[in-house]
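Before any comments, here is the structure.
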Amino acid sequence: MRAATRFGLILSLPVSLGAQNATPTVDLEALADSVAATGTTLDGFNNSYGGRLTTLPSWSPWVEAVHSLSPHARAAFDGKENPHSSNDDIAKLKTTYDDLSREASAKGISIQSN
């Protein structure tokens with residue numbers, strides 16, 4: 001997978017927090033519904049988990065990491081920036097996502113079905 005594609009997937013497609021040792025899956029229909037209802041992917045992602053992700057210690061650092069990396073992801077997709085120049089930021093995002101995933105799992109937080 002190209003680095004730019006990987007870069008974008010990290011930022012734009014929330015994956016199941018419970019899929020630690022499995023191939024990540026994305027329920028695009030649920031994600032689209034959440035985004036349509038809330039207007040933002042981050043809010044939609046949180047709403048997919050019953051709004052409980054915001055209660056976790058790693059939520060704010062993860063959101064900050066997403067916001068920090070977002071302009072670089074856009075620039076990479078536009079061909080204006082080499083995504084490899086953001087490896088440290090990508091690693092930070094992955095680390096905070098992994099922390100968020102562990103915390104959610106420990107609290108029994110999972111995607112809510114409608």
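Given the structure is predicted, the values throughout are model-derived calculations rather than measurements.
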Do K92 and S68 touch side chain to side chain, with heavy atoms closer than 4.5 Å?
no
Please indicate whether D88 has more than 12 foreign heavy atoms, meaning atoms of other residues, nucleotides or ligands, lying under 6.0 Å from its CG.
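Count not over threshold, so no.
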Do you know which two heavy atoms are closest between [X] and [Y], and how far apart they sit?
X   : Y   : value
W59 : L53 : CB-O, 3.2 Å
N46 : R52 : OD1-N, 3.6 Å
A65 : T96 : CB-OG1, 3.9 Å

Rounded to the nearest 0.5 Å, how far does CG of L93 lie from CH2 of W62?
7.5 Å
Of L56, I109, V63, which meets side-chain contact (heavy atoms from CB on, under 4.5 Å) against L100?
L56
Parallel, tilted or perpendicular: which one describes the rings of F45 and Y97, with boundaries at 30° and 60°?
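Because their plane-to-plane angle is under 30°, the rings of F45 and Y97 count as parallel.
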For the pair K94 and D98, find out whether any cationic side-chain nitrogen is under 4.0 Å from an anionic carboxylate oxygen.
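Between D98 and K94 there is a salt bridge, with a charged N closer than 4.0 Å to a carboxylate O.
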Salt bridge or not for D99 and R102, using N-O below 4.0 Å?
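Counted as a salt bridge, because a side-chain N and a carboxylate O are separated by less than 4.0 Å.
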For H72 and I90, run side-chain contact (heavy atoms from CB on, under 4.5 Å): C-alpha distance rounded to whole Å, both residues' side-chain angles, the deciding distance at 0.1 Å, then the answer.
CA-CA 10 Å; H72 301 289; I90 294 169; over 6 Å; no
